[in-house]
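Single-structure report; data block below.
Note that ligands are numbered from 1 as they come in the structure, with each ligand's atoms numbered from 1 the same way.
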Amino acid sequence: MRRIVSPINFRPDRLPPGQHWTDKLIILGISDPPELDLSQYRLKIFGEVEKPVVLTWEDIMDLEPVELVADFHCVTRWSCKDVVWQGFHVDEIKKLVNIKPTAKSVMIHSLDGYTTNIPIEYFFDEDVIFAYKLFGKPIPPDNGYPLRLIVPKLYSWKSAKFVAGIEFMPEDRPGFWEMRGYHILGDPWKEQRYSY
Ligand SMILES: Nc1nc2c(c(=O)[nH]1)N[C@H]1C(S)=C(S)[C@@H](COP(=O)(O)O)O[C@H]1N2
Ligand SMILES: [Mo]
């Protein structure tokens with residue numbers, strides 16, 4: 001399996017300013033994990049694409065798997081080293097839909113009603129994957145079962161859990177936390193925590 005180690009793990013300033021290391025992921029979420037039957041699961045890819053697609057769990061299992069090792073930085077100041085995820089790389093999406101040149105940003109839609117926005121150049125990056133395994137096992141419900149996005153270069157509120165929709169947008173628009181005062185981008189090395 002292809003293995004990617006995020007370039008953030010090799011930074012000389014590996015721990016972003018104002019963060020401290022913890023030895024595990026701390027569960028954070030706006031609600032309890034949603035109940036889910038995989039046979040009913042669907043992933044919708046829509047918005048600024050020529051033809052929207054809807055994937056079943058089987059379709060997702062057919063995509064080429066990839067392993068990602070990446071540090072995880074939460075805006076509430078904890079960071080976790082070398083978290084190991086498996087899933088599919090975002091470039092797989094380009095094989096499934098034709099993305100219009102008007103697409104400038106992505107909104108991730110989750111089963112708990114959560115949303116988060118990511119500019120397209122941060123979304124289509126070498127170390128961004130949709131993960132279905134954490135340390136070799138299906139992602140536990142609290143950590144985002146069945147599918148979550150991992151964007152190592154941004155604070156982890158951008159790494160949406162329970163993903164059910166990928167919307168390509170003509171302009172950047174705030175998601176759940178971005179509407180409530182979190183920074184629109186969220187670069188940990190620039191301490192882009194809040195928008196005020
Ligand atoms: N769907 C969804 N994704 C989410 C959240 C959420 O509330 N709902 N919280 C975010 C925040 S603030 C953090 S720090 C991480 C926490 O991931 P963990 O619970 O696996 O540690 O998930 C992010 N993704
Ligand atoms: Mo967070």
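- For Ser6 (side chain) and Ile8 (main-chain N/O), a donor-acceptor pair under 3.5 Å exists by modelled atom type.
- Cation-pi check for Arg180 over Tyr182 is not met; the charged atom does not lie both under 6.0 angstrom from the ring centroid and within 45 degrees of its normal.
- Glu178 and Ser195 share no side-chain donor-acceptor pair at under 3.5 Å.
- By the side-chain contact (heavy atoms from CB on, under 4.5 Å) test, Lys44 is found to be paired with Arg42, Phe46, Val54, residues two or more places apart in sequence or in another chain being considered.
- Between Tyr132 and Trp57, the ring-plane angle classifies as perpendicular under the 30° and 60° cut-offs.
- Counted by atom type alone, Thr115 and His109 present zero donor-acceptor pairs between their side chains at under 3.5 Å.
- Around ligand 1, the residues contributing at least one heavy atom under 4.0 Å from the ligand are Leu25, Ile26, Ile27, Leu28, Gly29, Ile30, Phe72, Cys74, Trp78, Ser110, Asp112, Tyr114, Asp142, Asn143, Arg148, Ser156, Trp157, Ser159, Ala160, Lys161, Phe162.
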